[in-house]
Number of protein chains: 2
Amino acid sequence: MPQEKINHSNASPYLSELTLDCVILSFHEDCLKVLLLRWKGTQEWSLPGGPIRRNEAVDAAANRILKERTGLDDIFLQQFHVFGEVERYNREEIKYKLKHLIDPDKWYERAVSVGYYALVDHAKAMPTPDPFTEQCAWWDVQQIPALLFDHNRIIQVARQALRTQLSWQPIGYNLLPEKFTLPELQRLYEAILGKGLDPRNFQRKMLSLGILERLAERRRGGAFKSPYLYRFKKEEYELKLKESNLFFS
Amino acid sequence: MPQEKINHSNASPYLSELTLDCVILSFHEDCLKVLLLRWKGTQEWSLPGGPIRRNEAVDAAANRILKERTGLDDIFLQQFHVFGEVERYNREEIKYKLKHLIDPDKWYERAVSVGYYALVDHAKAMPTPDPFTEQCAWWDVQQIPALLFDHNRIIQVARQALRTQLSWQPIGYNLLPEKFTLPELQRLYEAILGKGLDPRNFQRKMLSLGILERLAERRRGGAFKSPYLYRFKKEEYELKLKESNLFFS
DNA sequence: TACCAATATGTTATTTTGACATAATAAGGG
DNA sequence: CCCTTATTATGTCAAAATAACATATTGGTA
């Protein structure tokens, strides 16, 4: 979007009625983080997202935005909800807050948004602002400020969807570095679920999934007893993602 | 849509880039049925669906379509996927098949579709065609013909989503009449899952959910041993729908 | 070398699951 | 009226999964 102001007229190469928002999550210092953007000349933050090109699949647009904001490709990205209310947020308030950036005549008349969440490796992501923002940063999900649009709600729904997914699919492949320890994995699960887990039961359950491989290596350098490193067995992991629904024999 | 031909120009009171499709399911004679429409003057069938009004929430549009096609209100309706590919189907083939009904200049340039599935009581639904179709009928999901657009695929995705949901949420409230027998419920589950279940284990599991109430009444009239009637306990059922995610203590 | 803080691990009682077979009964036909 | 028949209702047991629980180990640090 090279224009100076946002333009969603029908001549635009972007769809004018449909946008998407990405809840990009990572895990760092035992906390779940979400990537937010600060709009130019303001203290207002929002989720990454934006318009979809007319010749671009919606999933492809989500991947493009993820790539633009983090530099990452080929990441776990999951459609989780369509936000389709007519008045999703206070339009006047937004116009006021962003009046130096948007042309009211060309602002969305109404936009439906497809929500995606992505799970990325904190160390590999390179937060990068977009043309309308001047800062791109990780925020602890526990400490998110009031965001623009309906983005606080979108994050809430994403986190609930993630918790639900966690209960019947493995998670962690993209959120953790290639090699990680079981306590790290456990803290990730605890951060997502928002509650503590028993390390003995957690280990038993995770190992019984058959998707983890224990390496000979241990993590050194941290104080105290050095933990084993593990790695996901990619094939078995993918398989679990696909099966993952059997409740009745 | 009172026009003679479909018109999706921008002056239209409908969104031009976003539509929805409804996979409306019912259960009859031990089979899962899906509601399909036959287009005027053709033998071509498709899912119910259509455009969204500019001043209408997407969920509201889904409810409206459900109401228009079945007469039913206040039904379980679940967003399950956004179909956002650029070329979702062979546009030329569709234009050819429906040339007497659509104006090629005003046909969608590109439309993203939100998929919903609904579960309705077969006996209560009144299948009703829309302005472009002349027949609305239930089809056995096992015997669906080649449909217009990408609707065969949409049904496949809906059924998978339903199976997944079934594995962690109760289902049946809207699919069955108020009073039903356990074998009926079991056959519903079998139809959705596509496999047989053990009646003893099924009964144990369903009753342990605490959402069923056994009535004093039994079903009479069918030959052979008369089964007990059950009813869902609405409050507990709704509660289960909401909780329904705990895999880790 | 003693201490500390995090890691690794095992047992048991309880609950849930899956596999399996038989008795009861309402309708219909002779 | 009784017998047949198709369907429903139900119980047991072994195996697996779960939840609750405590202690020994060890790498680094002081």
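For the numbers below, each heavy atom of this structure counts, side chains included, while hydrogens, waters and symmetry mates do not.
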Fill in: Rounded interatomic separation in angstrom, taking CE from A:Met206 and P from C:dT9
16 Å
Worksheet item: So what does A:Arg219 hit on the nucleic acid, given a heavy-atom distance under 4.0 Å: a base, only sugar-phosphate, or nothing?
Response: nothing
Fill in: Worked verdict on A:Arg163 versus A:Gln160 for side-chain hydrogen bond (donor to acceptor under 3.5 Å, both in side chains)
CA-CA 5 Å; A:Arg163 278 192 288 269; A:Gln160 182 55 51; 3.2 Å; yes
Worksheet entry | Worked check of ring-ring contact (aromatic ring centres under 6.0 Å, His included) between B:Phe202 and B:Tyr189 | CA-CA 9 Å; B:Phe202 179 80; B:Tyr189 271 66; 5.3 Å; yes
Practice prompt. Please state how far atom CZ in A:Arg218 lies from atom P in C:dA6, giving the value in whole angstrom units.
Written response: 17 Å
Worksheet item: In whole angstrom, what separates B:Leu197's CG from C:dT17's C1'?
Response: 14 Å
Fill in: Rounded distance in Å - CG (B:Asp198) to C1' (C:dT22)
13 Å
Worksheet item: So B:Tyr237 and B:Phe232, would you call those rings parallel, tilted or perpendicular, with 30° and 60° as cut-offs?
Response: perpendicular
Worksheet entry | Atom-pair distance (CD on A:Gln186; C1' on C:dT7), nearest Å | 11 Å
Worksheet, complete the sentence: Separation of C:dT12 atom P from A:Arg200 atom CZ, nearest Å, is 14 Å
Worksheet entry | Mutual orientation of the aromatic rings belonging to A:Phe149 and A:Tyr89 [parallel < 30°, tilted 30-60°, perpendicular > 60°] | perpendicular
Discussion item. So that I know where these two stand, are A:Trp138 and A:His122 an aromatic pair - ring centroids less than 6.0 Å apart?
Written reply: yes
Worksheet item: Taking for each residue the nucleotide of DNA chain D with the nearest heavy atom, is it A:Ser208 or A:Lys225 whose nucleotide lies nearer the 5' end?
Response: A:Ser208
Practice prompt. May I ask you to evaluate whether B:Gln203 reaches the phosphate of D:dA9, defined as a side-chain N or O under 4.0 Å from OP1 or OP2?
Written response: no
Practice prompt. Pick base, sugar-phosphate or nothing for A:Arg204, based on heavy-atom distances below 4.0 Å to the nucleic acid.
Written response: base
Item to complete: When you get a sec, tell me which of C:dT17, C:dA26, D:dA9 is the closest nucleotide to the side chain of B:Ser226?
Response: C:dA26
Polar atom pairs (N or O), protein with nucleotides 28-30 of chain D, under 3.5 Å:
none

Worksheet entry | Pairs touching residues 74-84 of chain B that satisfy salt bridge (charged side-chain N to carboxylate O under 4.0 Å, His left out), sequence neighbours left out | none
Worksheet item: Whole Å only: how far is the OH atom of A:Tyr228 from the C1' atom of D:dG27?
Response: 13 Å
Practice prompt. Go through C:dT17, C:dC20, D:dT8 for me and flag the one nearest to the B:Asn201 side chain.
Written response: C:dC20
Going by atom type alone, with no hydrogens or angles, which donor-acceptor pairs under 3.5 Å involve a side-chain atom of residues 42-50 of chain A and a protein atom two or more places apart or on another chain?
residue: A:Thr42; atom: OG1; partner: A:Trp39; partner atom: O; Å: 2.8
residue: A:Thr42; atom: OG1; partner: A:Glu44; partner atom: N; Å: 2.9
residue: A:Ser46; atom: OG; partner: A:Trp39; partner atom: NE1; Å: 2.9

Practice prompt. Using only side-chain N and O atoms of A:Lys205, determine if any of them is under 4.0 Å from OP1 or OP2 of D:dT18.
Written response: yes
Item to complete: For A:Glu190 and C:dA6, give me the distance from atom CD to atom C1', rounded to whole Å.
Response: 14 Å
